[in-house]
Amino acid sequence: KVIFFLYSLIGFFSFFLLLRNIYKLSNNASLIGSTIFLFNHYFAFHYLSGHIAWGLYYLVPFFFYVSAKSINDINKTYSLFLIASSGLIFALIMHSGGTRTVIEILIFIYFLTLLHLVNYRNFKIIFHVTLPVLIGLLISSSKIYAGWSFVSLLERDVFPLYFNSFRHF
């Protein structure tokens, strides 16, 4: 319960900062958006039913906030530090079980990237988001390779899941 509360708190505040500082929304709109994000039932119910990896979804706004924050910084060293930090955040997501939810996480990340492109027409966001994703995937490649290599050992019988004709249905 404590870990879920901490993930939720990080997700709420990072989504608020993302909406307020990156997308330049008002305080009220940012609070409403972060509240909707916090009470997203799809990831919360998966987490509360025992799928711990789904709680990492709440770290995605923090990852995107750090990545988008690196665009506007004048100091190149600090910008590279922010890119490396967001790469470590993405590696943390992958090492903590995010390999199962990587598709949903990447869809959400690139949806936020698309929104940033529509609002600001600054194509540097693609580089500042893709590079940390690649850094995170490179850091966590051993975990990803181990997880995918063991999948072949878990054969599943899917015979009852399909039918040959309507007569069998």
Side-chain angles (χ1 to χ4, degrees), residues 3-44 46-47 52-145 147-148:
I3 293 173
F4 179 71
F5 177 72
L6 290 176
Y7 278 146
S8 301
L9 197 64
I10 290 170
F12 178 80
F13 284 119
S14 59
F15 203 72
F16 175 80
L17 289 174
L18 178 70
L19 293 177
R20 181 73 185 122
N21 296 336
I22 303 300
Y23 292 113
K24 307 291 187 209
L25 295 178
S26 67
N27 283 336
N28 292 337
S30 299
L31 278 174
I32 290 171
S34 57
T35 304
I36 290 171
F37 176 77
L38 176 66
F39 294 113
N40 180 358
H41 72 283
Y42 183 68
F43 292 99
H46 271 89
Y47 185 84
I52 304 299
W54 292 89
L56 300 167
Y57 176 74
Y58 291 113
L59 294 178
V60 173
F62 185 60
F63 164 80
F64 190 81
Y65 177 74
V66 173
S67 297
K69 194 79 169 153
S70 67
I71 292 174
N72 299 330
D73 204 345
I74 304 293
N75 189 355
K76 295 290 184 190
T77 307
Y78 188 64
S79 179
L80 289 174
F81 172 74
L82 289 176
I83 289 174
S85 298
S86 58
L88 288 175
I89 293 167
F90 193 79
L92 172 73
I93 291 171
M94 289 295 111
H95 271 286
S96 299
T99 54
R100 293 175 184 87
T101 61
V102 69
I103 302 297
E104 291 87 357
I105 287 173
L106 287 176
I107 287 171
F108 183 57
I109 287 171
Y110 285 107
F111 177 72
L112 291 173
T113 305
L114 182 67
L115 285 178
H116 194 277
L117 276 173
V118 167
N119 284 339
Y120 297 110
R121 290 172 179 72
N122 188 356
F123 288 96
K124 288 170 56 175
I125 187 68
I126 296 172
F127 175 74
H128 286 259
V129 170
T130 303
L131 185 62
V133 167
L134 292 176
I135 290 171
L137 288 175
L138 184 66
I139 291 171
S140 60
S141 62
S142 62
K143 168 82 174 187
I144 295 169
Y145 178 74
W148 286 347

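Quantities reported herein were computed from a predicted structural model and do not represent experimental measurements.
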Q.
Would I32 and L19 count as a side-chain contact (heavy atoms from CB on, under 4.5 Å) here? Give the steps.
A. CA-CA 10 Å; I32 290 171; L19 293 177; over 6 Å; no

May I ask you to decide if [Y]'s main-chain N or O and [X]'s side chain share a donor-acceptor pair within less than 3.5 Å?
X	Y	value
S86	I83	yes
S96	I93	no
S79	N75	no

Rounded at 0.5 Å granularity, tell me how far [atom1] in [X] sits from [atom2] in [Y].
X	Y	atom1	atom2	result
L6	Y58	CG	OH	13.0 Å
T77	L82	OG1	CG	11.0 Å
I135	T130	CD1	OG1	11.0 Å
I89	L59	CD1	CG	8.0 Å

If the condition is ring pair (Phe, Tyr, Trp, His ring centres under 6.0 Å), which residues does [X] pass it with, not counting sequence neighbours?
X	answer
H116	Y120
F4	Y47
Y57	F37, F43, F108
F13	none

Is [Y] close to [X] at the side-chain level, that is, under 4.5 Å between some pair of heavy atoms?
X	Y	value
F64	L115	no
L134	L138	no
V129	L112	no

Q. Is the number of heavy atoms from other residues, nucleotides or ligands under 6.0 Å of F16 CZ greater than 12?
A. yes

Q: Name all pairs fulfilling the side-chain hydrogen bond (donor to acceptor under 3.5 Å, both in side chains) condition that reach into residues 11-28, sequence neighbours left out, sorted by first residue then second.
A: R20-N27, N21-Y65

Q) Does any pair with a residue in residues 72-96 pass ring pair (Phe, Tyr, Trp, His ring centres under 6.0 Å), and if so which ones, sequence neighbours excluded? A) F63-F90

